Amino acid sequence: MNTISTTTDTADTVHRWLRDNARPVHGTDAADTGTDLRTLTDHLAAATVVGLGESTRFSRQTYGIRERILRTLITEHGFRALAVQDSARSGARLDAYVRTGSGDPYTALAGAWRPLRTAETVATLEWLRAYNIDHPGDQVGVFGIRPAAAESADYDEVLAYAHRWAPDRAGELATYLTPIRSAHRIDEHVQRHQGIHPGRPFAEDARAALTLLQALPQPSTAEAAAAYSTALDRARLIVAFHENSVAGRGGFGGDDPQPARTIIDHHHATGARIVYWDGIAHTAAGESGIGPADTRFHSEGSGLRAYFGTGYLSVAIGFHHGDLGTAIAPDPHPDLLDADLGAVDLPAYFVDLRDDAPPEVQAWRAAPARMRVISGVYDPAADEAARFEVTSAAAAFDILVHIRETSPVQWLPEPADE
């Protein structure tokens with residue numbers, strides 16, 4: 001069990017309640033249209049913002065259920081915006097595609113955060129585009145919750161300036177920028193985990209590149225001055241990108257209120273009700289701790305719950321075991337909530353933590369809960385460390401979705417760094 005102190009009798013009561021209240025999910029593919037999620041989506045229908053969090057971004061099944069919920073909230077309950085864990089620049093491209101058909105989903109995703117660059121996301125964007133074609137006066141938009149951030153093309157912009165206006169320094173500038181742009185393909189902290197990191201912190205190289213650029217002679221023509229200003233702007237974005245990455249911050253946790261504020265502001269500006277896609281550590285509606293050191297932080301979901309109250313509802317979508325593509329995840333550690341949910345012998349199901357329950361179950365729901373989270377640095381041999389904790393399962397999540405066995409998402413091909 002995942003509570004601080006439990007007994008066999010309590011565990012039996014909790015598992016019995018889970019079995020009695022589990023509602024089977026018969027389809028985990030995004031295109032499934034059965035009524036098995038009807039009760040779940042009806043429970044979410046009155047919310048202003050719904051957080052749909054996954055315990056991993058590598059599972060086709062967790063993604064599929066998340067999209068099934070999204071589609072129903074759009075088609076039957078009037079939700080008109082999808083918020084994603086990405087920058088404003090990337091979100092604007094996704095929005096342009098689903099609203100106007102600008103470009104194609106592959107191009108729109110080319111500069112997106114790596115976990116979004118999957119065939120499953122392409123299918124989501126194509127579905128949203130089709131919906132908007134059929135509803136031109138009542139469209140669904142997409143936006144990124146993070147500020148505008150550097151992208152791979154920005155490195156080209158900086159280097160192009162140097163090659164044209166300061167060719168004698170272009171080679172030196174490239175020695176700083178070429179290695180670190182790889183973080184847009186594989187996050188820096190993941191490179192360290194995989195043993196492929198070149199060594200020097202990327203933020204240091206980014207700052208060195210900016211310092212070099214600032215030390216160049218001032219441009220003598222209007223054309224050069226405009227190009228220089230653009231190059232400086234891009235270099236500053238590159239520095240901010242690496243300083244604010246997981247590696248740059250030194251960990252996953254954070255207390256940045258801006259992403260939640262972006263969602264709140266979008267709702268007030270547009271009136272749209274919003275589906276928010278992210279990891280469960282972000283969508284949890286309460287204080288969380290993550291990793292072996294249990295670093296405490298306030299999630300985006302906690303900010304949304306503080307602002308909207310019960311107008312923010314949170315769904316956690318997790319799994320028991322299976323293939324993640326890069327690794328095979330074993331059965332969860334016995335002290336995790338995921339292990340309790342595994343007591344229900346169904347391929348997939350959901351349970352509403354607000355349902356009536358005996359005192360033992362109420363205490364279990366109110367107690368601190370540990371859940372598995374799997375990121376790009378996951379190692380099955382250290383599965384016990386892949387976890388985060390919430391102060392209360394019921395305070396963090398309104399509904400839990402559990403999948404018995406997972407299979408991997410389909411990643412889009414990655415262009416090589418230039």
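Computed from a predicted model, the values in this text were never measured in an experiment.
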Point to revise | Non-hydrogen atoms of H242 and A183 that approach each other most closely | key: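 Nearest heavy atoms, H242 then A183: CE1-CB, 3.8 Å.
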
Exercise for review: Return the minimal non-hydrogen interatomic distance between L177 and A209, and the atom names on each side.
Suggested key: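 L177 and A209 have their closest heavy atoms at CD2-CB, 3.6 Å.
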
Carboxylate-amine/guanidinium contact [X] [Y], below 4.0 Å:
X    : Y    : value
R305 : D398 : yes
R57  : D278 : yes
D156 : R234 : no
R164 : E223 : yes
E120 : R66  : no
R207 : E243 : yes

Do [X] side-chain atoms and [Y] backbone N/O form a donor-acceptor pair below 3.5 Å?
X    : Y    : result
S90  : D86  : no
T118 : V409 : no
N244 : A240 : yes
T35  : R38  : no
D95  : V142 : yes
D29  : A31  : yes
S314 : A396 : yes
T41  : L37  : yes
Q362 : A357 : yes
Y349 : L341 : yes

Exercise for review: Go through M371 and F388 one step at a time and tell me if the side chain to side chain contact (heavy atoms under 4.5 Å, CB included) criterion holds.
Suggested key: CA-CA 6 Å; M371 304 171 71; F388 90 114; 3.8 Å; yes

Side-chain H-bond candidate by donor/acceptor type, [X] with [Y], under 3.5 Å:
X    : Y    : answer
S59  : T56  : no
R80  : Q139 : no
H15  : D340 : yes
T28  : Q61  : no
T107 : Y97  : no
R181 : S152 : yes
S182 : Q191 : yes

Should we say atom [atom1] of [X] is surrounded by more than 12 heavy atoms from elsewhere, each under 6.0 Å from it?
X    : atom1 : value
D356 : CG    : no
Q410 : CD    : no
D345 : CG    : no
R60  : CZ    : no

**Study point:** Verdict with reasoning, E360 to T10, per side chain to side chain donor-acceptor pair (under 3.5 Å)
**Key:** CA-CA 6 Å; E360 297 93 334; T10 299; over 6 Å; no

Ring geometry between [Y] and [X] (parallel below 30°, tilted from 30 to 60°, perpendicular above 60°):
X    : Y    : answer
H197 : F202 : parallel
H184 : F241 : parallel
F308 : H268 : parallel

Exercise for review: Decide side chain to side chain contact (heavy atoms under 4.5 Å, CB included) for L125 and L109; before the verdict, give the C-alpha distance in whole Å, the side-chain angles of both, and the deciding distance to 0.1 Å.
Suggested key: CA-CA 10 Å; L125 296 176; L109 286 169; 3.9 Å; yes

**Study point:** Sole residue of D338, D331, D383, I403 in side chain to side chain contact (heavy atoms under 4.5 Å, CB included) with H321
**Key:**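 Testing each of D338, D331, D383, I403 against H321, the sole residue satisfying side chain to side chain contact (heavy atoms under 4.5 Å, CB included) is D331.
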
Point to revise | Criterion side chain to side chain contact (heavy atoms under 4.5 Å, CB included) against R16, the qualifying member of L18, V14, D20 | key: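 Output: one option passes, namely D20.
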
Does [X] reach the side chain of [Y], with side-chain heavy atoms less than 4.5 Å apart?
X    : Y    : result
V25  : L346 : no
T406 : D323 : no
V344 : H402 : no
H43  : V315 : no
I65  : F350 : no
W277 : L116 : no
D32  : H26  : no
I180 : I238 : yes

State yes or no: are the ring centers of [X] and [Y] separated by less than 6.0 Å?
X    : Y    : value
Y161 : Y228 : yes
H193 : Y378 : no
H282 : Y276 : no

Check your understanding: What's the spacing between N132 CG and I74 CD1 if we round to 0.5 Å?
Key ->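 These two atoms lie 8.5 Å from each other.
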
Practice item. To the nearest 0.5 Å, tell me how far R372 CZ sits from I280 CD1. Key: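 CD1 of I280 is found 10.5 Å from CZ of R372.
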
Under 6.0 Å from the ring centre and within 45 degrees of the ring axis: does the NZ or CZ of [X] meet both conditions for the six-membered ring of [Y]?
X    : Y   : result
R273 : F79 : yes
R68  : Y63 : no
R365 : W17 : yes

Check your understanding: Please walk me through it: do V361 and T13 pass side chain to side chain contact (heavy atoms under 4.5 Å, CB included)?
Key -> CA-CA 7 Å; V361 176; T13 301; 4.1 Å; yes

Exercise for review: Step by step, work out the side chain to side chain contact (heavy atoms under 4.5 Å, CB included) result for Y131 and V98.
Suggested key: CA-CA 9 Å; Y131 181 89; V98 302; over 6 Å; no

Exercise for review: Quickly, which of D355, D352, D36 forms a salt bridge (charged side-chain N to carboxylate O under 4.0 Å, His left out) with R23? Name it, please.
Suggested key: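 Testing each of D355, D352, D36 against R23, the sole residue satisfying salt bridge (charged side-chain N to carboxylate O under 4.0 Å, His left out) is D355.
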
